[in-house]
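Heavy atoms only: backbone and side chains are in, while hydrogens, waters and symmetry mates are out. Just follow the structure's listing: the first ligand is 1, and inside any ligand the first atom is 1.
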Amino acid sequence: MILIDGKKEAANLREELKKEVSQLKTKYNKVPGLTVILIGDFTPSQIYVRNKEKSAKEVGLKSEVIKYPDRVEETTILNKIHELNKDETVSGILVQLPLPRHINKKKVIEAIIPEKDVDGFHPMNVGNLSSGYESSVPCTPLGCYLLIKKVEPNLSGKKAVVIGRSNLNGKPMTQLLLKENCTVTITHSKTKDLKGECLKGDIVVAAVGIPELVKGDWIKKDSIVIDVGINKTEKGIVGDVAFDEVSKIAKAITPVPGGVGPMTIACLLKNTIECFKRSQS
Ligand code: GUN
């Protein structure tokens with residue numbers, strides 16, 4: 001069984017990105033910049049944003065975090081985004097989700113120009129990804145994709161089962177696997193016989209937010225299992241996959257923590273660099 005080491009893969013990717021930033025600095029005499037907007041004091045968001053800032057600095061990006069209190073007005077956020085859209089030192093803009101309820105998520109996502117949308121959430125990027133054109137790709141599915149490709153470089157004709165249909169994970173994950181010529185089944189909470197569907201998968205990506213949903217007898221021998229779940233339970237943080245059982249059956253599996261999580265942040269840095277490069281050409 002291969003334990004997919006997301007921490008190590010993310011460190012390798014950051015190392016590559018660091019070299020690339022250094023080359024870009026020589027070529028253009030400037031470095032890519034990432035600006036993160038954080039609203040409110042939701043602890044997980046604060047931790048994510050701190051990690052993003054630390055990693056961005058580590059690879060040599062210009063990194064900035066702008067913080068607002070929970071009660072900030074929507075227009076303040078939209079005006080800041082308009083300002084950042086015009087700022088040439090900012091290559092990528094990310095507004096940390098979730099947002100307070102009085103702020104319209106769709107308006108905020110669409111205010112960021114697609115060229116600086118490092119999350120890949122803007123409808124233009126979503127459309128480009130589904131049409132097979134160049135686009136920013138959401139960081140978590142991009143990280144999953146890179147981990148899968150490390151284990152199995154040729155995915156053509158493989159059966160992939162994605163559990164979860166969110167805009168953040170499930171849907172973009174599906175597009176990436178389709179691009180690789182996988183036959184993809186998207187499943188979700190209303191799917192009948194989820195176990196039967198999972199059993200058909202050469203690749204199973206679980207991104208549904210239900211602790212240890214995927215059991216050992218749901219998984220085909222020799223499959224690749226990617227666990228996107230981060231669920232708080234009384235026994236600590238667990239994924240969407242029952243790791244102890246599934247790791248006995250699968251060919252390869254990501255642990256939680258230390259699997260997909262570290263890759264997500266590394267992919268955000270990658271997306272920021274890609275946005276910078278496109279802005280220079
Ligand atoms: N909150 C949790 N995951 C994400 C993400 O990938 N992007 C943003 N903007 N917010 C998040």
Side-chain angles (χ1 to χ4, degrees), residues 6 10 13 33-56 61 63-68 70 72 74 77-78 80-81 84-85 90-101 103-126 129 135-147 162 164-176 205-209 226-232 237 239-240 256-257 259-272 274-275:
L13 178 54
L34 171 65
T35 298
V36 174
I37 295 178
L38 174 62
I39 306 167
D41 50 16
F42 182 52
T43 308
S45 291
Q46 287 177 326
I47 296 169
Y48 283 134
V49 169
R50 209 180 309 137
N51 288 336
K52 284 169 187 174
E53 191 180 22
K54 183 171 158 271
S55 300
L61 300 184
S63 167
E64 178 190 32
V65 178
I66 305 174
K67 293 181 183 163
Y68 292 98
D70 195 58
V72 66
E74 186 181 273
I77 301 301
L78 295 176
K80 177 50 83 176
I81 292 172
L84 295 169
N85 282 339
V90 175
S91 322
I93 305 165
L94 179 144
V95 180
Q96 184 68 24
L97 303 176
L99 297 173
R101 283 181 43 188
I103 297 182
N104 183 322
K105 184 169 89 175
K106 185 168 185 286
K107 264 195 197 166
V108 167
I109 287 173
E110 292 179 12
I112 300 171
I113 54 170
E115 293 83 355
K116 297 193 181 189
D117 166 35
V118 279
D119 261 326
F121 294 165
H122 191 286
M124 181 76 93
N125 281 318
V126 176
L129 176 64
S135 69
S136 279
V137 178
C139 307
T140 302
L142 179 58
C144 296
Y145 165 81
L146 294 174
L147 292 177
V162 177
R165 56 178 151 177
S166 70
N167 294 334
L168 217 75
N169 292 308
K171 285 183 202 154
M173 189 72 241
T174 299
Q175 297 298 347
L176 290 170
V205 181
V208 73
I226 305 291
D227 191 349
V228 182
I230 302 177
N231 306 294
K232 242 191 198 166
I237 301 283
D240 293 350
V256 175
V260 173
M263 282 300 281
T264 297
I265 295 187
C267 286
L268 171 65
L269 311 178
K270 181 173 166 60
N271 280 351
T272 306
E274 295 299 326
C275 285

Contacts of Lys232 meeting salt bridge (charged side-chain N to carboxylate O under 4.0 Å, His left out) (sequence neighbours excluded), chain-then-number -> none
Is the backbone N or O of [Y] less than 3.5 Å from a side-chain atom of [X], with the two atoms forming a donor-acceptor pair by type?
| X | Y | value |
| --- | --- | --- |
| Glu74 | Asn104 | yes |
| Asn125 | Pro138 | no |
| Lys105 | Leu97 | no |
| Ser91 | Gly33 | yes |
| Asp117 | His122 | yes |

Please tabulate, line by line, the atom pairs linking an N/O of ligand 1 to a protein N/O at a distance below 3.5 Å, with the distance in Å to 0.1, or answer 'none'.
residue, atom, partner, partner atom, Å
ligand 1, 1 (N), Gln96, NE2, 3.2
ligand 1, 1 (N), Leu97, O, 3.0
ligand 1, 7 (N), Asp119, OD1, 3.0
ligand 1, 7 (N), Asp119, OD2, 3.4
ligand 1, 9 (N), Val95, O, 2.8
ligand 1, 9 (N), Asp119, OD2, 2.6
ligand 1, 10 (N), Leu97, N, 3.0

